[in-house]
*Asks:* 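After the structure tokens below, expect a handful of questions from me.
In what follows, chains are A, B, ... by sequence order, proteins preceding strands, each numbered from 1.
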Number of protein chains: 2
Amino acid sequence: MLKEAIYHRPKDNFAYAYDEKTLHIRLRTKKNDVESVQLIYGDPYEWADGRWQMNRSPMKKSGSDELFDYWFISIVPPHRRLRYGFELTAGDERIIYTEKGFYREAPDDDTAYYFCFPFLNKIDVFQAPEWVKDTVWYQIFPERFANGNESLNPEGTLPWGSEDPTPISFFGGDFEGIIQHIDHLVELGINGIYLTPIFKAPSNHKYDTIDYFEIDPQFGDKQTFKRLVDLCHEKGIRVMLDAVFNHCGYYFPPFQDVLKNGENSKYKDWFHIRKFPIRTKPRPNYDTFAFTELMPKLNTENPEVKQYLLDVATYWIREFDIDGWRLDVANEVDHQFWREFRQAVKAVKPDVYILGEIWHDSMPWLRGDQFDAVMNYPFTNGALRFFAKNEVRASQFANIITNVLHSYPINVNEVSFNLLGSHDTPRMLTVCEGNKQKAKLLFLFQLSFTGTPCIYYGDEIGMTGGQDPGCRKCMIWDEKQQDRNLFEHVQKLILLRKTYRSFGSHGELKFIETNDDTNHLVYTKTYGDETILFIINNSEREINVTLPFSCKGKRLTNLWTN
Amino acid sequence: MLKEAIYHRPKDNFAYAYDEKTLHIRLRTKKNDVESVQLIYGDPYEWADGRWQMNRSPMKKSGSDELFDYWFISIVPPHRRLRYGFELTAGDERIIYTEKGFYREAPDDDTAYYFCFPFLNKIDVFQAPEWVKDTVWYQIFPERFANGNESLNPEGTLPWGSEDPTPISFFGGDFEGIIQHIDHLVELGINGIYLTPIFKAPSNHKYDTIDYFEIDPQFGDKQTFKRLVDLCHEKGIRVMLDAVFNHCGYYFPPFQDVLKNGENSKYKDWFHIRKFPIRTKPRPNYDTFAFTELMPKLNTENPEVKQYLLDVATYWIREFDIDGWRLDVANEVDHQFWREFRQAVKAVKPDVYILGEIWHDSMPWLRGDQFDAVMNYPFTNGALRFFAKNEVRASQFANIITNVLHSYPINVNEVSFNLLGSHDTPRMLTVCEGNKQKAKLLFLFQLSFTGTPCIYYGDEIGMTGGQDPGCRKCMIWDEKQQDRNLFEHVQKLILLRKTYRSFGSHGELKFIETNDDTNHLVYTKTYGDETILFIINNSEREINVTLPFSCKGKRLTNLWTN
């Protein structure tokens, strides 16, 4: 057995509390190298005759990626404490793997050899709101969804959909537009909307906030927003807003005060000014998002700034009963701020959802003390490479997805925010080069995957568009121009997800078969007695697939054709 | 190159902020498999002509353990943001390792491939108090250090050192005793004392607290304690107390109230009672430390309990100006409690030291939001196996120590609490089977090691004793019975550590040579221009060692003989 490939380190994705009673333990070994793994475990204080009392239970192989196999076991330690090691077997070879290294026999004279999960404290368990697992999100870029009140149009507003958007164009989308089109959302079957920023800001995207306590007048007023939230709730739809706390806009009054008063400004420590006087060219001499002088980075370590932003976060929950915060550029803000953010918002509404925008591996934010989820771009990336771009074949796709799933605890995966595109990426159909069949497979995979899927407005009716601003075109409301067939495909998938618990986040995913020649893929989703078999043919040709089990004595239903 | 052995995951010990400007990046590869590693890195927003602008810098090999080599680089990113990957070379083979896997060439069309250290936020930097690096601790078990006021003797107190201790014997050690013997500590040169619990408790060890706001009368009163702290401070000695917050004593009034009033007790949620009525036999039906009915586990998730314990923690700092808290059974208490504990105590005294008792791998407590250090038992264990027990040879010892050092960030190592024994282990001289030469080598290694060493009372004068209660004998004050030669050895090492910055925590340790035949070991400690060479002969024979460098043009001083 290849010792160098064997990996385990307690907490994070390798040893974690799944709930207040249950621990999950995982082990990584070289692919196809180990035949079986047993967990050796016990309570650290359980001794008899000078020997530590150990139990043994078999672990199961929960998946494989390109280089590794992953092993899994779920354990309920009676006293919430666990010491444990692993017994690995391959042919005649048997090794014991512990915190202190490798042994031939499992030592029982001391528990100090073993890995330690000291105590399962409920308060430390990663716990996202229960409703999230059953949510299908719909992302709305408010300026482009629907113009329901032309009297609010900003100066220079263009006729709806009259041309392709530029970085500075306005089409007058607003809350009234969303309200008027709520039936579209209800018909589709989604039950959560995520709105990109709605607070006062000069740009069309509103990521350059001027006033975090005010709605941008182009979208409507607070009363209209309240009406929107209430209507959504009435329809069973949750509402998530976008918190742009990493940076403000250039015209945010405190920053303007610093521009005016320099070192004498009482807001000078609200930002990271490297030198006075402030200059913006060739590059700003203050910290910004990227190198954009229009987005000065906020000093979230400053207690005044922290209090201000936490007041913002709780205000919109308390006054408007919103259900979630999506956190822009979340990983560039300090962890301490997010810890206090979580405490503050959950104190006001315990089941509010906290979603961080992080494009990379995100374990440090998903330990239970900060976010409930991150935008799962590694999922996006893997799915697009296989279904849309043909960059990887079936087996490599399964490797990528298995790797993503094993990068986090299962309770994290269950609420992960799985998107196929956003206002920051080319649209999925465009990545598919217009191939609707590919788009349909993408939706099938996304909607049957563990986590909480998000549909970017218009993707469900076949809208196209490249990188921003292309992906921010006006929503098409003329049904004749909508791809209703694609709409019905997505609608049907959402309905299946709602109908069968195994279809969505409650189901455990297992890759059964991947074939790189035919490029087809078979996986199951299982919840209790219910198993759904998915056979995906990601090729241009018809293929025959033999069912991976005997049908004898089983009741089979074709869920797609009913 | 063995891909399965290559490991990196951002944050923790692999990518961390060393200070507010500097990032440390580490990579693990198979031992002797890779010839050189370059870090490929840049600011994520630095693009030109559609290409990400990358830099390359060589990493150095910072050490090896049994299976792996570790590579290291220190980077100061100008805008505190970093994306990075690794270029590994061995012979003609060259691979690029990124967050998304392995490549032949470093991709420059997207930074999403790369590992991400999103932003270096000062507040998240692990920062222990500066003074700790230069502290040599001395652990006192108050009941056994010195009896300075016989009028405080508990009933049944035995004459000092008249017999070997049992689990229940009393010898009357007290604060007055410590005060009277402060010169011993000053002479030895230590500058920090850690006192095991001093609060009101029935046992001799006081880990079964009855009143966290009161001194146990057998040790003295608050005034005497204040005198002790002031005297220590006068002599440049810091004082650390023991916080037993995982559990209380059976006679803690709130627990007594629950025993008396059962479910009607207003303290019933202060503990984890699994069932009423409470029983203690055969095993307690409430959570305890181990299975000890005398130590009921406190429910530190209960806001009342939390507030009570945080009040205790801040009270002793505010009123008595103590310098540190050692946290008993720290890993069985919830992380959330410790995060709030840190905020509370650092608010009262920003440079207070927080030391957790954890015997295992402890990364989850050392991320900057909880502890400053843990009791480094993996160090203890490695050192005793090599020097005291001859269980491992020189090379394996170097492997163990290198592994310990690479399990944590360097700023964590610098304040790690390195002990050779405690009130919970057999004494080091006993583990050495009385061999004083071995004990001297152990002290040499401990006192020249990175971190903050702790001497268990009496070890410096050659006291012996097995597992508790053997290791808790009365301190020997009769100089004729003390091993003064050993005392002078420790004293000299402490003086060297104070004199040369490279000797202690400021010096970087490098193993230069290990020889399993002779069982000797050569390592250097370097700080700036100053390098100290340590040659340790862990055998019974005299050996000749060739200096690992030419002496030509160098000024050499024998620090030991001067």
Side-chain angles (χ1 to χ4, degrees), chain A residues 2-5 7 9-12 30-31 33 43-46 66-68 79-81 83 99-102 112 114-116 118-119 121-124 246 287 289-292 297 300-301 329-337 339 358-361 363-364 367-369 377-378 381 400 403, chain B residues 2-5 7 9-12 30-31 33 43-46 66-68 79-81 83 99-102 112 114-116 118-119 121-124 246 287 289-292 297 300-301 329-337 339 358-361 363-364 367-369 377-378 381 400 403:
Chain A
L2 185 71
K3 287 182 181 167
E4 286 88 348
Y7 186 84
R9 195 175 198 188
K11 305 238 169 169
D12 289 352
K30 178 180 154 73
K31 191 165 185 162
D33 188 42
D43 186 282
Y45 306 108
E46 199 74 79
E66 200 181 334
L67 297 175
F68 303 107
H79 299 94
R80 298 195 272 164
R81 306 174 290 221
R83 296 297 181 280
E99 185 175 289
K100 295 223 189 303
F102 295 94
Y114 289 90
F115 291 106
C116 172
F119 203 88
N121 289 294
K122 186 180 170 190
I123 202 170
D124 293 331
N246 175 65
D287 288 352
F289 170 67
F291 291 112
T292 314
K297 185 172 169 67
T300 43
E301 300 189 12
V329 198
N331 58 352
E332 298 193 12
V333 175
D334 57 278
H335 292 286
Q336 182 58 32
F337 178 83
R339 287 194 195 99
I358 303 187
W359 294 57
H360 287 267
D361 185 29
M363 199 63 247
R367 288 170 176 150
D369 58 329
Y377 280 108
N381 194 51
I400 292 169
N403 183 278
Chain B
L2 186 70
K3 286 182 182 168
E4 286 87 349
Y7 187 84
R9 195 175 197 188
K11 305 238 167 168
D12 289 352
K30 177 179 154 72
K31 192 166 185 163
D33 187 41
D43 186 283
Y45 306 108
E46 199 74 79
E66 200 180 335
L67 297 176
F68 302 109
H79 298 95
R80 299 195 272 164
R81 306 175 291 221
R83 297 296 181 282
E99 185 175 289
K100 296 223 188 301
F102 295 94
Y114 290 90
F115 291 107
C116 172
F119 203 87
N121 289 293
K122 186 180 170 189
I123 203 170
D124 292 332
N246 174 66
D287 288 352
F289 170 68
F291 292 110
T292 315
K297 184 170 170 69
T300 43
E301 300 188 12
V329 199
N331 57 354
E332 297 193 13
V333 176
D334 58 278
H335 292 286
Q336 181 58 29
F337 177 84
R339 287 195 194 99
I358 304 187
W359 294 57
H360 287 267
D361 186 29
M363 198 64 247
R367 290 172 175 148
D369 58 329
Y377 280 108
N381 194 50
I400 294 168
N403 185 279

*Asks:* Which atoms of A:Tyr114 are under 4.5 Å from chain B, going by heavy atoms: the side chain, the backbone, both sets, or neither?
*Replies:*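 When you check distances to chain B, only backbone atoms of A:Tyr114 fall under 4.5 Å.
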*Asks:* Please answer whether the main-chain N or O of A:Glu332 pairs with a side-chain N or O of B:Asn121 as donor and acceptor at a distance below 3.5 Å.
*Replies:*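 Yes: the side chain of B:Asn121 pairs with the backbone of A:Glu332.
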*Asks:* For B:Pro364 and A:Pro10, which heavy atoms make the closest approach, and how far apart are they?
*Replies:*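 Nearest pair, atom of B:Pro364 first, then A:Pro10: CG-O, 4.4 Å.
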*Asks:* For the pair B:Asp369 and A:His335, evaluate side chain to side chain contact (heavy atoms under 4.5 Å, CB included) and give the outcome as yes or no after the intermediate values.
*Replies:* CA-CA 9 Å; B:Asp369 58 329; A:His335 292 286; over 6 Å; no
*Asks:* Would you say that A:Arg367 contacts B:Arg367 through its side chain, given a criterion of any heavy-atom pair below 4.5 Å between the two side chains?
*Replies:*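 In short, these two side chains touch, coming nearer than 4.5 Å.
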*Asks:* Tell me whether the rings of A:Tyr7 and B:Tyr7 are parallel (<30°), tilted (30 to 60°) or perpendicular (>60°).
*Replies:*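 A:Tyr7 vs B:Tyr7 ring planes: parallel.
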*Asks:* With chain A as the partner, which of B:Tyr377, B:Phe289, B:Phe115 has the greatest number of non-hydrogen pairs under 4.5 Å?
*Replies:*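 Max contact count across the listed options: B:Phe289.
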*Asks:* Assess whether side chain to side chain contact (heavy atoms under 4.5 Å, CB included) is satisfied between B:Asp43 and A:Phe291, documenting all intermediate values.
*Replies:* CA-CA 10 Å; B:Asp43 186 283; A:Phe291 291 112; 3.8 Å; yes
*Asks:* Could you report the tightest heavy-atom contact between A:Cys116 and B:His360, atom names first, then the distance?
*Replies:*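 Heavy-atom minimum between the residues: CB-CG, 3.4 Å.
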*Asks:* More than 12 non-hydrogen atoms from neighbouring residues, nucleotides or ligands closer than 6.0 Å to CD on B:Glu66, yes or no?
*Replies:*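 12 or below, so no.
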*Asks:* Where on A:Gln336 is there a heavy atom nearer than 4.5 Å to chain B: the side chain, the backbone, both, or neither?
*Replies:*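 A:Gln336 touches chain B through backbone and side-chain heavy atoms alike.
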*Asks:* Does A:Glu99 use its side chain to pair, donor to acceptor, with the backbone of B:Asp361 at less than 3.5 Å?
*Replies:*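 Answer holds: yes.
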*Asks:* Could you have a look at B:Lys3, B:Arg339, B:Arg83 and say which one has the most heavy-atom pairs with chain A under 4.5 angstrom?
*Replies:*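 Sorted descending by pairs with chain A, the first entry is B:Arg339.
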*Asks:* List in chain and number order the residues that pass side chain to side chain contact (heavy atoms under 4.5 Å, CB included) with B:Lys30, two or more places apart in sequence or in another chain; answer none if no residue qualifies.
*Replies:*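 Partners of B:Lys30 by the side chain to side chain contact (heavy atoms under 4.5 Å, CB included) criterion, ordered by chain and then number, come out as A:Glu4, B:Leu2, B:Ala5, B:Asp33.
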*Asks:* State the CG-CG distance between A:Asp124 and B:Asp334, to the nearest 0.5 angstrom.
*Replies:*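 Separation between the atoms: 5.0 Å.
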*Asks:* If you round to the nearest 0.5 Å, how far is NZ of B:Lys100 from CD1 of A:Ile400?
*Replies:*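 Rounded to the nearest 0.5 Å, the CD1-NZ separation comes to 9.0 Å.
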*Asks:* Chain B heavy atoms under 4.5 Å from A:Asn403: which part of the residue, side chain, backbone, both or neither?
*Replies:*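 For A:Asn403, there is no contact with chain B at all, as no heavy atom is under 4.5 Å.
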*Asks:* Please report the closest heavy-atom contact between A:Lys122 and B:Glu301, naming both atoms and the distance.
*Replies:*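 Looking at all heavy atoms of both residues, the shortest contact is N-OE2, 2.9 Å.
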*Asks:* Please round to the nearest 0.5 Å and tell me the distance separating atom CG of B:Leu67 and atom CZ of A:Phe102.
*Replies:*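 It is 6.0 Å, given to the nearest 0.5 Å.
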*Asks:* Counting only non-hydrogen atoms closer than 4.5 Å, does B:Asp287 touch chain A with its backbone (N, CA, C, O), its side chain (CB onward), both, or neither?
*Replies:*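 It is the side chain, since no backbone atom gets that close.
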*Asks:* Around B:Lys31, counting heavy atoms of other residues, nucleotides and ligands shown, do more than 12 lie under 6.0 Å from its NZ?
*Replies:*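 Yes, because the 6.0 Å sphere around NZ of B:Lys31 holds more than 12 heavy atoms from other groups.
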*Asks:* With a 4.5 angstrom heavy-atom cut-off, could you sort out which part of A:His79 is near chain B: side chain, backbone, both or neither?
*Replies:*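 For A:His79, side-chain heavy atoms alone lie under 4.5 Å from chain B.
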*Asks:* Run the side chain to side chain donor-acceptor pair (under 3.5 Å) test against B:Glu46 and tell me which residues pass, sequence neighbours left out.
*Replies:*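 With neighbours one apart ignored, the set is A:Arg283.
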*Asks:* Heavy-atom cut-off 4.5 Å, strictly under: side chain, backbone, both or neither for A:Lys11 against chain B?
*Replies:*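 When you check distances to chain B, only side chain atoms of A:Lys11 fall under 4.5 Å.
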